[in-house]
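This chain uses plain numbering: 1 for the first residue, then up along the sequence. Everything quoted here is computed from the prediction, not taken from an experiment.
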Amino acid sequence: MSLPWLRENWQQVLRERQQGKLAHAYCVPWQVDLGSALFVAEWIKLLLCSQAEKRACGECKSCLLHKAGNHPDYYSLASQDGRAISVDQVRELLGKLHNTPNQAGAKVVWLQDAEKLSVTAANALLKTLEEPTRDTYFIVTPERTERLLPTLRSRMQLLRMNTPSAEAIQQWLAQQLGRILTEEEMTACQRYRQRPLALIEWVKSGDYPRDYVAELSAALLANEALPTLAKADWQDWLLATEQWLQELMRVQQGAAQTQLLMPSKQTELQQFLRNRNYNVTDLSSWLQLCYGIRQQTNEQSGLNGPLLLQELWMRWL
């Protein structure tokens, strides 16, 4: 595993495989900027390889078939253009899984966008997850695990990608760039701990994204007017709201500065929490409302997302 912060996750997979303890279904939160795409790709190759040890050999017939994109025992299912994954799509997939493996090895299913499974599609999948066919493995990658049906989540083993420390990212980034980092870059390593793969591209180009979290935090801490929401960027503000609430929860729970996105703001955030008399239960409740807005607007066309977020802000600020 080329990304050092994912090596512990990789060792877990290898250990379970060597001990014959692999679960039949794993739920892996889809975090591309943390390396989930690379991790899942390597994992699929490992499961399909007929001679794998610590990684796929890349040379056996099974590896060559997968590399060519026509392995008969590999299946993928994903949302098309953001639409719901239908029960017919799931039933078609499950029908194929009853066939005998072509390569006399494992059958591997990569279920992408799993949060977009319709209720009937998710229920159709449940029985197979309860009683999987032999040597069949599901890798399920939702963007948000909380949007999966609880019954579906309970039948999978959750594998969260490790988030590296700021120091680990600084070391990795310096190695990748072949030079000492600037103060700005070192600060960015703390701010974007969950997005190291995006960070390296921003550092190379010198083009950092707009920091919605910092802007929202500045407005709230200074008791200034809240940002104006527009259709073009309201979802960026929604994500910033989620991240800011998560930061407040870390501060409220006494997390170390190394665990914070904005460690320089720790004292101000502590004072903000005292002034407002907010507790973790309050913050968690508002965070769930943010998730609800995201789910509603994804599932129902025509909803006024900016208005829903504005109303949420007004409710708790």
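Rounded to the nearest 0.5 angstrom, Q11 CD and L14 CG are separated by 5.5 Å. In this structure, the separation between CG on L199 and NZ on K204 is 11.0 Å, given to the nearest 0.5 Å. L173 contributes atom CG, which lies 13.5 Å from atom OH of Y192 (distance to the nearest 0.5 angstrom). Distance OH/Y137 to OH/Y26: 8.5 Å, rounded to 0.5 Å. The CG atom of L93 sits 12.5 Å away from the CG atom of D88 when rounded to the nearest 0.5 Å. Distance check, rounded to the nearest 0.5 Å: OG1 of T141 to CD of Q31 gives 11.5 Å.
E115 contributes a side-chain N or O that, together with a main-chain N or O of E143, makes up a donor-acceptor pair within less than 3.5 Å. At least one donor-acceptor pair closer than 3.5 Å links the side chain of D211 to the backbone N or O of A214. Remark: side-chain polar atoms of N9 are paired, donor with acceptor, to backbone N or O of N162 under 3.5 angstrom. A donor-acceptor contact shorter than 3.5 Å links the side chain of R193 to the backbone of P164. The main-chain N or O of L260 is found under 3.5 Å from a side-chain atom of Q190 such that the two form a donor-acceptor pair. Panel note: side chain E16, backbone V13; no donor-acceptor pair is recorded below 3.5 Å. A donor-acceptor distance shorter than 3.5 angstrom exists from the side chain of E247 to the backbone of M262, with no hydrogens or angles considered. Remark: the backbone N or O of Y74 is not paired with any side-chain donor or acceptor of H66 at under 3.5 angstrom. Here the side chain of Q170 pairs no donor or acceptor atom with the backbone of T187 at under 3.5 angstrom. Judged by distance alone, the side chain of S62 and the main-chain N or O of L48 form a donor-acceptor pair under 3.5 Å.
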**Report entry** Trace of the ring-ring contact (aromatic ring centres under 6.0 Å, His included) decision for W43 with W10
**Finding:** CA-CA 8 Å; W43 193 359; W10 189 250; 7.6 Å; no
**Report entry** Derivation and outcome, salt bridge (charged side-chain N to carboxylate O under 4.0 Å, His left out), residues D282 and R276
**Finding:** CA-CA 11 Å; D282 296 328; R276 301 283 181 143; over 6 Å; no
Requested in this report: May I have the step-by-step check of side chain to side chain contact (heavy atoms under 4.5 Å, CB included) for D207 and W202, ending in yes or no?
Outcome: CA-CA 5 Å; D207 185 18; W202 298 334; 5.9 Å; no
Query raised in the report: Does the side chain to side chain donor-acceptor pair (under 3.5 Å) test come out yes or no for Q271 and R274, once each step is laid out?
Result: CA-CA 5 Å; Q271 186 62 50; R274 284 194 293 269; 2.9 Å; yes
Report task. In sequence, state the C-alpha distance, the side-chain angles, and the governing distance for Y75 and W110, and then conclude on ring-ring contact (aromatic ring centres under 6.0 Å, His included). Result -> CA-CA 6 Å; Y75 310 91; W110 180 17; over 10 Å; no
Query raised in the report: Under the side chain to side chain donor-acceptor pair (under 3.5 Å) criterion, do W313 and T241 qualify, and how do the steps go?
Result: CA-CA 9 Å; W313 282 349; T241 304; 3.1 Å; yes
Query raised in the report: Does the pair S217 and W244 meet the rule for a side chain to side chain donor-acceptor pair (under 3.5 Å), with working shown?
Result: CA-CA 7 Å; S217 180; W244 193 71; 3.2 Å; yes
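When the side chains of ILVMFWY residues are joined at heavy-atom separations under 4.5 Å, either directly or via intervening members, V213 and L226 end up in a single hydrophobic cluster. When hydrophobic clusters are built by joining Ile, Leu, Val, Met, Phe, Trp and Tyr residues whose side-chain heavy atoms come closer than 4.5 Å, directly or via intermediates, L158 is not grouped with M161. One hydrophobic cluster, built from ILVMFWY side chains closer than 4.5 Å, cannot hold both L152 and V87; they sit in different ones. Linking Ile, Leu, Val, Met, Phe, Trp and Tyr whenever their side-chain heavy atoms come within less than 4.5 Å leaves W234 and L307 in two separate clusters. Cluster membership for L239 and M249, using ILVMFWY side-chain heavy atoms within less than 4.5 angstrom, is not shared.
Closest of all the heavy-atom pairs between A84 and Q89 is O-OE1, 3.9 Å. When all heavy atoms of C290 and L312 are compared, the pair lying nearest together is SG-CD2, 3.5 Å. Summarising the geometry of I85 relative to Q112, their closest heavy-atom pair is CD1-O, 3.6 Å, with the distance given to 0.1 Å. In plain terms, the two heavy atoms of W5 and L34 that are nearest each other are NE1-O, 2.8 Å. A pairwise comparison of heavy atoms in L6 and F39 identifies O-CE1, 4.0 Å as the closest pair. Residues L38 and S2 come closest through the heavy atom pair CD2-OG, 3.5 Å.
The pair E268-K265 meets the salt-bridge criterion, with a side-chain N (NZ, NE, NH1 or NH2) lying under 4.0 Å from an Asp/Glu carboxylate O. Salt-bridge formation is not detected for the pair R195/E201: no Lys NZ or Arg NE/NH1/NH2 atom is positioned less than 4.0 Å from an Asp or Glu carboxylate oxygen. The existence of a salt bridge linking E146 and R153 is excluded, since no basic side-chain nitrogen approaches an acidic carboxylate oxygen closer than 4.0 Å. The pair E242-R144 meets the salt-bridge criterion, since a charged nitrogen lies less than 4.0 angstrom from a carboxylate oxygen.
When side chains are defined from C-beta on, L159 counts as touching Q12, because their heavy atoms get closer than 4.5 Å. A heavy-atom distance below 4.5 Å is found between the side chains of D233 and R210. Contact check for F138 versus L97: side-chain heavy atoms found under the 4.5 Å cut-off.
Using cut-offs of 30° and 60° for the angle between ring planes, the Y278 and W316 rings count as perpendicular.
Judged purely by distance below 3.5 Å, without hydrogens or angles, the side chains of R83 and Q80 never pair a donor atom with an acceptor atom. Side-chain contact check for E59 and Q51: no donor-acceptor pair (N or O, by modelled atom type) lies under 3.5 Å.
The side-chain contact (heavy atoms from CB on, under 4.5 Å) with L77 is formed by just one residue from the set V90, D113, V140; it is V90. Screening R55, R7, K54 for a salt bridge (Lys or Arg N to Asp or Glu O under 4.0 Å) involving E42 leaves a single residue, R55.
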